[in-house]
Participant: 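Would you mind keeping the following structure in view while I ask a few things?
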Amino acid sequence: MMSGDEASREDLLVEFRQIRDDLGHFPRPYELRDTDRYSVEDYFAEFLTWTDVVEAAEFQARRADVIAETRRIQRELGRTPTASKFGDHSFLEQDCYKQHFDSWQDVLEAADAFPSADEIIQNIRDLAQDSGPIPNSSEFVDETPYQRDDYLHHFDSWEDALSEADLFYGKDDVTPKISQLQKELGRTPTEVEFNEWIDVPASILLSVFDSWSEAVEAANAFPERDDVASVIRRVNREIGWLPTPNDVTSRTNLRRIDYQYHFDSWEEALEAANVIPDERNLADEIAALAAETDRIPTKGDLYGVDDCLHQFDSWEEALEAAGVLPSKAELISEIRRIKNEQGYETLFSESIPENRFPRSYYQYRFGGWGSALEAADVRPSEQELIDEIRRLAWDKSTVPTRETVLSETNFLREDYIRNFGLINQAIEVAVKEVDPSGSVGDAIVPEEKHQRLEAITANLGRPPTESYVRRLTDLAVDPLLDGFSNWDAVLEATGLDADEADITKDMALDVETVCEQLEHRPNVEEVQAYISDEWSYTTTTRIRKALEVADVPNERDLSPTHSLTRQKYERNSDDIPSHTDLLTELNVIRSRADSDLEEAFENRGVIDERHYDIQFGSLSKAIDALESIDTREFREPREHTDSVPGPILSDSVEELAEILERPPLLEEVLFFGDASPSDFARAFESWSQVADAVERSEGWSNEELLTELEYVGRQLGKPPTPTEMTEYSSHPTQCYLRRFGSWPNTLSLVGVDTEHIPEEYLGFRRTARLWDVTDYLIDEEFGHRAALLDELYRLAFELGREPTAHDIRSYSPYATTTFEREFGSVEDALAILEGPFEYDGSPPTDPTESDLLEELGAVNERSTEWILPQDICLHSRYSPGTFLGIFGSLEAALEEADLPTDHLHGQTATYGDIWNSDHQVKTGILREIQRLTSKHSEPPTMVRISTVDGIDQNVIYRYFDSWDDAREAAGVISSSKRVSDMAIESETTDNPEFVNDLMSEISEMMDDSE
């Protein structure tokens, strides 16, 4: 080999090209020969790296170069390389193969890099001898030099590969596992428990047996028929009444599948147990149950009540025969207690809190609720009403108005009407007793209200009814009625013909509004439930006529109108939920529930159950409706527009792939570019259309991410910020944030003290933006594969073990069905994960609800009283996702922990929800109010906070109804100190909230001057 002391750069490149032509591929440094003109040292004296030599030679990689490199890397790694590994270990560009091959699979084919089918089969057989009779796919990947793609190259599935290796799951392979699990549980296992605890794929189980019952039967794991009957008899003796299936399963190890295997019905099981008397004495059963439970039984407490209720005319009569129905005196005492403790008005509420007895008891004893109130003597007399109006007149030094009587006396509108017919009549009687010349007077309609009524009339094409104005306009009715005997008189005083008002047509407009909210044609029951209380003289006939007149669909269709994967109805909302809102809530609960769906609803339901009763007939019927629906069919269609052309988006992905030297995540493309996720969703049917062009990656293990973080930190000589990590690391920063919650928490995992971390390390805005994008991708099921894998890795990290489908349902806000649609099954998704799953020697954990409540208490002690997601990330061992999985929302978690929720603004059910900037801004306002209060020893005025902090009043009103509401939420004033509670006539000002706050400001300044 010649000395290169006098070699120029061009001389080296000419020689390099010649060697390449001689070898037929790009030469590696060790392939230079002694006969070559220049040595390796000559090249490295001129070029920094061997890749620089290749690039300076300025010629494209040939097909043979790609094949040779692939074979070399395979030898080096000892296994089939991926395209990403090719890029990591080759001096050639990762994407160079695309000039000669359609896909990476074609490269491997040409390089003969795939092991043969015989090699795969032999390795499976060898593994079976070493680790067990029938290995699973995870064991194959872990224990052999082959990848999942290697066996899928030859076989359609792992089961097919086993079949070719003459390894079959037979009944004798499965039944011992069922028997083993039965012994561990002490009862018959369910199919779900078998799939989660025993490493046998469900597809294999079904290929061996036609049903789970058949598998259990083959394993001889069912209890004997006589044993089942014996257990039922024992429970019957213990409880003293005819047992229900729930009575038996809740008190014993017997499962429903046990009696269903031996008996066609529960009645048959009871008969076999000889616990059905020839003639049930229902009264005695009720009495025994009442003594057992120390309460009055309901029909649902006893099995088969309807079959023997013929002994009595009603359930209440049966209770009376059993001697447990409250007497009239007890019921009257309860009415009076409610009046004294909760107020007279409560007696007329649709639902009375803490009423010990149902309305049906009063109906049975008195004939109706109204008669019960009369018997309890709680309604005011005519004289009491007159005395109350006279007291108000003396206090006001003037004749009270109708509105004042309704708002400032202790009685109801119905009381006055029942005694006097009209409220104004009651006022006139009361006033004349004080001053015979007194009179309510001749009233007129104010000019402004006069014009409003005329405008409403012009818009309707007829004068409006009182109910229409109350229900569908913002015009205050009660002030208009002052001085008038009724609404017709108001219309006549306005110059309108009251006879032309049409309550049926007006109600039809309200029906149309309800139809829009329900998203289906309402029936009579729904109209009665949702709007009839707002309309005078409502009858079923009038409702039917309103439905005929209303512009609503002809047919009642309860099919979903949008996606059922994300709940949009907010907790504590007063809005009427649509039937799709109801089905969505049940679908979301079902995806996370291990228990019966009705039972899970009791714990996780947000929407009042009465809406299910109104729209579907009952909660169980709504569940039946959901079970009949293929939820995958109801996804919102994507609109395809040309806002950003597809080729431009594809080019941006290709360009970023070249820069990163690996396939980018969609989240990275969005972070570095100007496109939005909706641009991609509109331009492509799926992310795979784009991602296939750059070879999809299955991500990195948690250990790989943390090792990379430490490496970048050593290179920089300090902990990297999120921006520096993005610049210097080959791993996506997005994965760190989604798996470990926040950047400070990520740094703490590699030993960085984050107690007083600088602001540039927080990255909260970046985290919030990421979760907003991730929510969109999950909802649209577009480009969300990496996010789902990050969620699984998050669970693995927090639980300290490989997660299961049960863990997803318990500790993740994502539904298992989302994983199934993307990966085929939850098991296939979990098979992608790479360990280790233990971190820092911590034992595996299964957090309970009480564990998380304790965590929130600890977070509260270390942060401010208003907990935000970043506080949980910094001070809890569990990330916000676990709280969302357990409680359904951050708001529900905080409420359960008895912690404030005043700082939350809007929904808190998803990652994107809880990181919404509105929570941060609202919390910032509350914290600033507290800071100024502490600094000046008094609550700040709005003028002060605007001057000191520059917080505009419009920002305050965006999050609070008034300034007093903001200060009360901040805990610096109590509800009794609200100056702005002074009455303001909302009809006389355009901005009553501002006037209230202004009065508060003036009052406080006056206090200061004193």
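Numbering of residues begins at 1 and proceeds along the displayed sequence.
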Participant: Let me confirm one number: the CD1-OG distance from Ile607 to Ser578, rounded to the nearest 0.5 Å.
Facilitator: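 Atom-to-atom, Ile607:CD1 and Ser578:OG are 8.0 Å apart.
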Participant: Identify the two heavy atoms, one from Ala508 and one from Ala546, that lie closest to each other, and give their separation to 0.1 Å.
Facilitator: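 Scanning both residues, the minimum pair turns out to be CB-O, 3.5 Å.
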Participant: Can you tell me if Asp608 uses its side chain to pair, donor with acceptor, with the backbone of Arg610 under 3.5 Å?
Facilitator: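 Present.
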Participant: Looking only at non-hydrogen atoms, find the nearest pair between Trp315 and Thr298 and report the distance.
Facilitator: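 Smallest heavy-atom distance, with atoms named: CZ2-C, 3.5 Å.
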Participant: His520: what forms a side-chain hydrogen bond (donor to acceptor under 3.5 Å, both in side chains) with it, not counting sequence neighbours?
Facilitator: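 Once residues adjacent in sequence are excluded, the partners of His520 under the side-chain hydrogen bond (donor to acceptor under 3.5 Å, both in side chains) criterion are Glu526, Arg556, His579.
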Participant: Before giving the answer on side chain to side chain contact (heavy atoms under 4.5 Å, CB included), spell out for Met507 and Lys545 the whole-Å C-alpha distance, their side-chain angles and the decisive distance to 0.1 Å.
Facilitator: CA-CA 9 Å; Met507 183 184 288; Lys545 288 182 178 179; over 6 Å; no
Participant: If you define the side chain from C-beta out and look only at heavy atoms, does anything of Phe366 sit under 4.5 Å from Leu373?
Facilitator: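 Heavy-atom side-chain distance check fails, nothing below 4.5 Å.
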Participant: Nearest heavy-atom pair of Thr504 and Asp502: which atoms, and what distance?
Facilitator: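 Answer, listing the atom of Thr504 first, then Asp502: N-OD1, 3.0 Å.
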Participant: Could you tell me whether the side chains of Gln615 and Tyr530 share a donor-acceptor contact shorter than 3.5 Å?
Facilitator: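 Gln615 vs Tyr530: donor-acceptor pair found between side chains.
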Participant: Taking all non-hydrogen atoms of both residues into account, name the closest pair between Val324 and Ala290 and its distance.
Facilitator: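 For Val324 versus Ala290, the nearest heavy atoms are CG1-CB, 3.8 Å.
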Participant: Report the C-alpha separation of Arg365 and Glu320 in whole Å, then their side-chain angles, then the decisive distance to 0.1 Å, and conclude whether the salt bridge (charged side-chain N to carboxylate O under 4.0 Å, His left out) test is met.
Facilitator: CA-CA 10 Å; Arg365 290 293 193 197; Glu320 185 171 27; 2.8 Å; yes
Participant: Apply the test salt bridge (charged side-chain N to carboxylate O under 4.0 Å, His left out) to residues Arg544 and Glu548: give CA-CA distance (whole Å), side-chain angles for both, the deciding distance (0.1 Å), then the verdict.
Facilitator: CA-CA 6 Å; Arg544 295 187 187 280; Glu548 292 175 3; over 6 Å; no
Participant: Under a 3.5 Å distance rule, please check whether Arg336 uses its side chain to pair with a backbone N or O of Ala376 as donor and acceptor.
Facilitator: yes
Participant: Can you check whether Ala909's main-chain N or O pairs, donor with acceptor, with Asp913's side chain at less than 3.5 Å?
Facilitator: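 Side chain of Asp913 to backbone of Ala909, a donor-acceptor pair under 3.5 Å: yes, one is there.
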Participant: Answer yes or no: are there more than 12 heavy-atom neighbours, outside Asp575 itself, under 6.0 Å from its atom CG?
Facilitator: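 Yes - once you tally the heavy atoms of other residues, nucleotides and ligands closer than 6.0 Å, there are more than 12.
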Participant: Considering non-hydrogen atoms only, spot the tightest contact between Ala375 and Ile332 and give its length.
Facilitator: O-CD1, 3.9 Å
Participant: Tyr612 vs Phe601 aromatic rings, parallel, tilted or perpendicular, using cut-offs 30° and 60°?
Facilitator: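 Correct class here is perpendicular.
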Participant: Is the shortest heavy-atom distance from the side chain of Val514 to the side chain of Val527 under 4.5 Å?
Facilitator: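 No, too far: nothing below the 4.5 Å cut-off.
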Participant: Does one side chain, of Asp581 or Thr584, offer a donor that lies under 3.5 Å from an acceptor on the other?
Facilitator: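 Per modelled atom types, Asp581 and Thr584 side chains form no pair under 3.5 Å.
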Participant: Can a donor-acceptor pair be found, under 3.5 Å and without considering hydrogens, that links the side chain of Thr580 to the backbone of Thr561?
Facilitator: yes
Participant: May I ask you to test the Leu319-Tyr364 pair for a side-chain heavy-atom distance under 4.5 Å?
Facilitator: no
Participant: Which atom names give the shortest non-hydrogen contact between Val511 and Pro522, and what distance separates them?
Facilitator: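 Taking every non-hydrogen atom into account, CG1-CG, 3.8 Å.
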Participant: Indicate whether the side chain of Glu268 and that of Tyr259 have a donor and an acceptor atom separated by less than 3.5 Å.
Facilitator: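 Absent: no donor and acceptor within the cut-off.
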Participant: Hey, does Ile456 have a side-chain heavy atom less than 4.5 Å from the side chain of Tyr468?
Facilitator: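 Yes, side chains in contact.
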Participant: Apply side-chain hydrogen bond (donor to acceptor under 3.5 Å, both in side chains) to Tyr361 and list each qualifying residue two or more places apart in sequence or on a separate chain.
Facilitator: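 For Tyr361, no residue satisfies side-chain hydrogen bond (donor to acceptor under 3.5 Å, both in side chains) once neighbours in sequence are set aside.
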Participant: Give, for atom NZ of Lys328 and atom OH of Tyr362, the distance between the pair rounded to the nearest 0.5 Å.
Facilitator: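 Between atom NZ of Lys328 and atom OH of Tyr362 there are 13.5 Å.
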Participant: I would like to know whether Ser618 and Ser620 meet side chain to side chain donor-acceptor pair (under 3.5 Å); could you show each step before the answer?
Facilitator: CA-CA 5 Å; Ser618 67; Ser620 61; 3.0 Å; yes
Participant: To the closest 0.5 Å, what do you measure between CD1 (Ile614) and NE2 (His611)?
Facilitator: 6.0 Å
Participant: Would you say the side-chain atoms of Glu585 pair up with the backbone N or O of Gly605, donor to acceptor, closer than 3.5 Å?
Facilitator: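 Checked: no pair found.
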Participant: Pair Val405, Glu388 - check side chain to side chain contact (heavy atoms under 4.5 Å, CB included), show working.
Facilitator: CA-CA 9 Å; Val405 168; Glu388 182 71 2; over 6 Å; no
Participant: Under a 4.5 Å cut-off applied to non-hydrogen side-chain atoms, are Glu968 and Asp902 in contact?
Facilitator: no
Participant: Going by heavy atoms in the side chains, are Leu894 and Glu891 under 4.5 Å from each other?
Facilitator: no
Participant: Answer yes or no: is there a donor N or O on one side and an acceptor on the other, between the side chain of Thr513 and the main chain of Leu509, under 3.5 Å?
Facilitator: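 Here the side-chain-to-backbone pair exists.
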Participant: Measuring only between side-chain heavy atoms, which start at C-beta, is Asp506 closer than 4.5 Å to Ser467?
Facilitator: no
Participant: Go through it in stages, so that I can follow the logic: the residues are Asn587 and Ile629, the test is side chain to side chain contact (heavy atoms under 4.5 Å, CB included), and I'd like the CA-CA distance, side-chain angles, deciding distance and then a yes or no.
Facilitator: CA-CA 10 Å; Asn587 187 49; Ile629 294 171; over 6 Å; no
Participant: Mind running side chain to side chain contact (heavy atoms under 4.5 Å, CB included) on Glu334 and Glu330 for me, showing each step along the way?
Facilitator: CA-CA 6 Å; Glu334 177 66 6; Glu330 289 176 297; over 6 Å; no
Participant: Roughly how far, to the nearest 0.5 Å, is CG of Leu853 from CD1 of Ile886?
Facilitator: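 So the CD1 of Ile886 and the CG of Leu853 are separated by 9.5 Å.
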Participant: Tell me every residue that passes side-chain hydrogen bond (donor to acceptor under 3.5 Å, both in side chains) with Glu316, counting only those two or more places apart in sequence or in another chain.
Facilitator: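 Checked Glu316 against side-chain hydrogen bond (donor to acceptor under 3.5 Å, both in side chains); matches are Ser360.
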Participant: Quick check for you: to the nearest 0.5 Å, what is the distance between Leu586 atom CG and Leu619 atom CG?
Facilitator: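 Leu586 atom CG to Leu619 atom CG measures 6.0 Å (nearest 0.5 Å).
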Participant: Taking atom CG of Leu289 and atom CD1 of Ile296, what is their separation to the nearest 0.5 Å?
Facilitator: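 Between atom CG of Leu289 and atom CD1 of Ile296 there are 11.5 Å.
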Participant: Verify, without hydrogens or angle tests, whether Trp487 (side chain) and Pro464 (backbone) share a donor-acceptor contact under 3.5 angstrom.
Facilitator: yes
Participant: Any side-chain donor-acceptor pair under 3.5 Å between Asp557 and Ser559?
Facilitator: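 Checked: Asp557/Ser559 side chains pair up, N/O donor to acceptor below 3.5 Å.
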Participant: Are the side chain of Glu512 and the backbone N or O of Asp551 linked by a donor-acceptor pair below 3.5 Å?
Facilitator: yes
Participant: Counting N and O atoms only, with roles assigned by atom type, does the side chain of Ser333 sit under 3.5 Å from a partner on the main chain of Ala329, one being a donor and the other an acceptor?
Facilitator: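 Looks like no, no N/O pair under 3.5 Å.
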Participant: Any sub-3.5 Å donor-acceptor pair from Thr465's side-chain atoms to Ile503's backbone N or O?
Facilitator: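 Looks like no, no N/O pair under 3.5 Å.
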Participant: Between Arg251 and Glu238, does any side-chain N to carboxylate O distance fall below 4.0 Å?
Facilitator: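 Salt bridge between Arg251 and Glu238, a charged N being under 4.0 Å from a carboxylate O: no.
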